[in-house]
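Below you'll find the structure, written out as structure tokens, and then a few comments.
Keep in mind that the numbers below use all heavy atoms, side chains included, and drop hydrogens, waters and symmetry copies. Just so we're on the same page: letters track the sequence lines, and every chain starts at 1.
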Amino acid sequence: MSWKRTHHCSELTLENTGEEVVLNGWVATRRDLGGVIFIDLRDRYGITQIVFYETDDKLHEKAEELRTEYVIGIKGVVEERGEENINPELTTGGVEIRVTDLEIYSKAETTPFEIKDGIKTSEELRLKHRYLDLRRPEIQDNLILRSDFYQSTRSFFYDNDFLEIETPVLMKSTPEGARDYLVPSRVNPGRFFALPQSPQTYKQLLMVSGFDRYFQIVKCFRDEDLRADRQPEFTQIDVEMSFVDEEDVMETTEGLMKKIMSDTVEEEIETSFERMTYDQAIKTYGTDKPDTRFGLEFADFSDLVANSEFKIFSNTVDKGGAVLGITVPDQGDMGRGAIDRLTERVQQETGAAGLIYIKLNEDDGVKCSVGKFLKDDTVEAMVERAEADMGDLVLILAGPSTEVYSQMGQLRIMMGKEHNLINEDAYNFLWVTDFPLVEYSKEDHRYHALHHPFTAPKPEDLDKLDEDPEEVRSRAYDLVLNGYEIGGGSIRIHNRELQTRMFELLGIDEDEAQKRFGFLLDAFKYGAPPHGGIALGVDRIIMILTGGTSLRDVIAFPKNQKAQSLMDNSPDFVDEDQLDDLHIELKKYAKEAAQE
RNA sequence: GGUCCGGUAGUUCAGCUGGUUAGAACGCCUGCCUGUCACGCAGGAGGUCGCGAGUUCGAAUCUCGUCCGGAUCGCCA
């Protein structure tokens, strides 16, 4: 039996002085001074110092047994600490509990790592003993914020007439897009369910059913390789609305984010968010998810150097490529060695062929690394366009358009981080709009939907759908926060004919379309409202709000880079019987692995 | 699947031009200590140097292979 606690560990203050209390918790630290033993008692709310005195000899003797991470209950009296003994670090720092009775609920072995913030232990060890890692206050705080986030989200949607409707976790596999996680069907030999990459088709069907405004906090699954900001199972806020256009969805999303920011991190943010077209984003930041917390926007020198004698520049422009520059402030005095190292790094990390620069400093004036091939007034014009001042450094890359923008984008981020140009306290929300509807895949020799096959094209671009599909813009929008894509959505196609045309464009013929998405096309026959929506990445947003850089710190039980759970060792091999039930036979190499 | 980085005490790391008994800090254990809160002091235990092979008189150190972890590219509509 455990004693019922009267308070938690961050509750007691001077106002409670003299009260008899019961506390439960874990021993965080023990400071045994001989005649007196101090214990920091920890629970998820905080820490309270409890004290054992030698004069209570039996109790003191028992207290000497206490070790880190023992789980205990104590009865005691709240006492005021002396002036010089107050600990300003703790909310309970003005008091301590003079223990009158002690119960040890559970002893603990020495933990593989210390239960405290800021540990340097490998992620492997932390994941293996995740239940211990989750005791650490900084991880607990992340999950507490996550809980607030859910609360805030539900309250926002409830207040705005949205319905929370669950969609199936076992659904039809749609090979379009990411790889599906498959679940075999015992009752239907040879058939498989897929876990949803997103409830996309279901939420559209809910619109057809007339549910008008839907949201769901939902797990999604993608069987692709992992990154620090990518887990195989992740959580989305999935939203769909009928009789709306882009503006309505964006406005709703902004309202949601405003409330979440206020409820979780107490930031009162401004709406409406900044907007930028896809084209603009690529041309000024080299990415469709620009981090606008710092400048370093691209300057395009292509026209200035098109006819220059420097062949790398003129040839690049001839072939339709671009010559781009960014101005790094106050780095005009960068030495030769540093620039060489930077060049090598840029080549290695971005794949750029080389790095050209213009240095502006008091000693050398304006100095371009390829100055002898360029006219002075060309360099001057470049400096002017780059808006570079004395003391600045202009970094230049040249190459095919398909590569140079993204390379420059990477270089921009590299410089932003290296020279501390990023305002870490800022939350920069940004809408990116006017995405291309499709892009051509050289690998598959066909067009791929940039967003998904249900995204509506812009009406004014419809006439280009057949002869110039890559020029067609879509009614899609992405929400970007501090350089992370935190959400994306679109106005959908609600017309059967247009949807069929779209499938055709993507190389999915009528039969195939009917087989894969027939249910959706059929639904559209019976009166589909215009509709659109968005999906927001919960894990990523929380990662940003908690100031982290890894999704693993905001998910209670995450997977490692190989999509395994190190704690419970999943995925794992299963019995032959189980496979038999599922009508599955392993390939030879898989069987061998299973037998090891 | 490719590239890069790492694997030495419970933890973080040092040792790596090959050479006596593999070190430090934190943690852990024991003792002392009545005002600590990173308690202090004294002492102590703790190692398959990821694994396998090779080179060598001799390998933590060099070579190859392999396993494990991470970052990144491909991939992620």
Side-chain angles (χ1 to χ4, degrees), chain A residues 28-42 47-56 60 64 67-69 79 81-90 92-93 96 98 108-129 132 174-180 197-198 200-201 220-232 234 345 348-351 406-407 410 435-439 441 443-444 446-455 474 476 485 488 490 502-503 506 508 535 537 549-550 552 560-564 566 596:
Chain A
T29 53
R30 166 180 79 111
R31 291 179 293 278
D32 183 352
L33 274 63
V36 57
I37 299 172
F38 296 101
I39 300 281
D40 283 347
L41 193 66
R42 186 195 71 234
I47 281 179
T48 299
Q49 174 166 283
I50 63 175
V51 202
F52 298 87
Y53 294 94
E54 198 170 37
T55 42
D56 308 323
H60 184 266
E64 279 183 327
R67 292 293 180 271
T68 312
E69 299 310 311
E79 291 188 344
R81 295 202 202 182
E83 187 83 32
E84 64 284 358
N85 290 326
I86 289 170
N87 184 347
E89 304 278 308
L90 300 177
T92 59
E96 61 193 12
R98 185 189 188 105
E109 288 182 17
T110 305
T111 51
F113 49 85
E114 292 179 69
I115 309 301
K116 62 178 188 187
D117 287 349
I119 55 169
K120 283 188 183 167
T121 310
S122 73
E123 204 148 45
E124 186 183 0
L125 199 68
R126 288 173 47 203
L127 289 179
K128 191 166 179 182
H129 304 276
L132 296 179
T174 51
E176 195 78 9
R179 214 172 279 123
D180 280 329
Q197 295 173 31
S198 83
Q200 183 62 37
T201 47
C220 301
F221 307 84
R222 290 178 192 177
D223 189 4
E224 296 293 347
D225 283 1
L226 282 66
R227 291 287 186 281
D229 66 347
R230 239 157 59 191
Q231 281 274 310
F234 56 98
R345 201 174 141 205
Q348 212 163 47
E349 291 183 26
T350 74
S406 104
Q407 289 165 349
Q410 290 173 57
F435 281 81
L437 185 66
V438 295
E439 64 182 346
S441 161
E443 211 175 294
D444 298 350
R446 65 179 187 91
Y447 293 104
H448 278 276
L450 209 72
H451 207 68
H452 57 55
F454 315 109
T455 298
S474 71
E485 183 200 325
S490 63
M502 187 67 196
F503 284 141
L506 298 173
I508 304 170
T549 53
S550 173
R552 292 166 201 158
N560 73 356
Q561 200 169 48
K562 276 198 175 160
Q564 299 163 329
L566 294 174
E596 269 173 24

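- Nucleotide B/rC29 has B/rG43 as its partner under the Watson-Crick or G-U criteria, with both atom distances under 3.5 Å.
- A salt bridge does not link A/E109 with A/R67: every distance from a Lys NZ or Arg NE/NH1/NH2 to an Asp or Glu carboxylate oxygen is 4.0 Å or more.
- Closest to the side chain of A/Y53, from the set B/rU30, B/rC37, B/rG35, is B/rG35.
- What you find for A/M502 and A/P453 is that their closest heavy atoms are CG-O, 3.3 Å.
- OP1 and OP2 of B/rU72 both lie 4.0 Å or more from every side-chain N or O belonging to A/Q410.
- No contact: A/L506 has no heavy atom under 4.0 Å from any strand.
- A/T68 comes within contact range of the sugar-phosphate backbone alone, with a heavy-atom separation under 4.0 Å but no base atom that close.
- The residue A/R126 sits apart from the nucleic acid: no heavy atom pair falls under 4.0 Å.
- Searching all strands for a Watson-Crick or G-U wobble partner of B/rG52 with both distances below 3.5 Å returns B/rC64.
- Residue-to-nucleotide contacts include no donor-acceptor pair under 3.5 Å from the side chain of A/E224 to the base of B/rG74.
- A cation-pi geometry, defined here as NZ or CZ lying under 6.0 Å from the six-membered ring centre and within 45° of its normal, holds between A/R98 and A/Y53.
- The phosphate of B/rA71 (OP1 or OP2) has a side-chain N or O of A/Q561 nearer than 4.0 angstrom.
- Nucleic acid contact class of A/T48 (heavy atoms, under 4.0 Å, all strands): none.
- Using a 4.0 Å heavy-atom distance criterion, A/P453 is classed as a base contact.
- Proximity note for A/R30 (side chain, C-beta onward) versus B/rC29, B/rC76, B/rC33: the nearest is B/rC29.
- Remark: the separation of the C1' atoms in B/rA25 and B/rU8 is 15 Å, to the nearest Å.
- No contact: A/F113 has no heavy atom under 4.0 Å from any strand.
- Taking only side-chain nitrogens and oxygens, A/R31 never comes nearer than 4.0 Å to OP1 or OP2 of B/rU36.
- In the set B/rC37, B/rG69, B/rU11, B/rC37 carries the atom at the smallest distance from any side-chain atom of A/D40.
- Pair assignment for B/rG74 gives none, since no Watson-Crick or G-U wobble pairing has each distance under 3.5 Å.
- Across B/rG74, B/rA77, B/rU36, the shortest atom-to-atom separation from the side chain of A/R230 is found for B/rG74.
- Within the nucleic acid shown, A/Q564 comes within 4.0 Å of sugar-phosphate atoms alone, with no base atom in reach, counting heavy atoms only.
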Checklist entry - Is there a side-chain contact (heavy atoms from CB on, under 4.5 Å) between A/E123 and A/S550 once you walk through the steps? => result CA-CA 11 Å; A/E123 204 148 45; A/S550 173; 4.0 Å; yes

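- The side chain of A/K562 approaches B/rC68 more closely than any other nucleotide in the set B/rU34, B/rG70, B/rC68.
- When distances run from any side-chain atom of A/A228 to the nucleotides B/rU12, B/rA71, B/rC29, the shortest one goes to B/rA71.
- Protein atom CD of A/E124 is 10 Å distant from nucleotide atom P of B/rU12, rounded to whole Å.
- A/N560 has a side-chain polar atom (N or O) that falls below the 4.0 Å cut-off from OP1 or OP2 of B/rG69.
- Across all strands shown, B/rU20 remains unpaired; no Watson-Crick or G-U wobble contact has both distances below 3.5 Å.
- Looking at which nucleotide of RNA chain B each of A/R227 and A/L33 is closest to, the 5′-most match is held by A/L33.
- Going from the C1' atom of B/rG50 to that of B/rU61 covers 16 Å, rounded to whole Å.
- Annotation for A/R446 and A/L506: closest pair NH1-O, 2.6 Å, computed over non-hydrogen atoms.
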Checklist entry - Hey, mind stepping through A/Q49 and A/T92 against side-chain contact (heavy atoms from CB on, under 4.5 Å) and telling me if it holds? => result CA-CA 8 Å; A/Q49 174 166 283; A/T92 59; over 6 Å; no

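- Nucleic acid contact class of A/Q49 (heavy atoms, under 4.0 Å, all strands): base.
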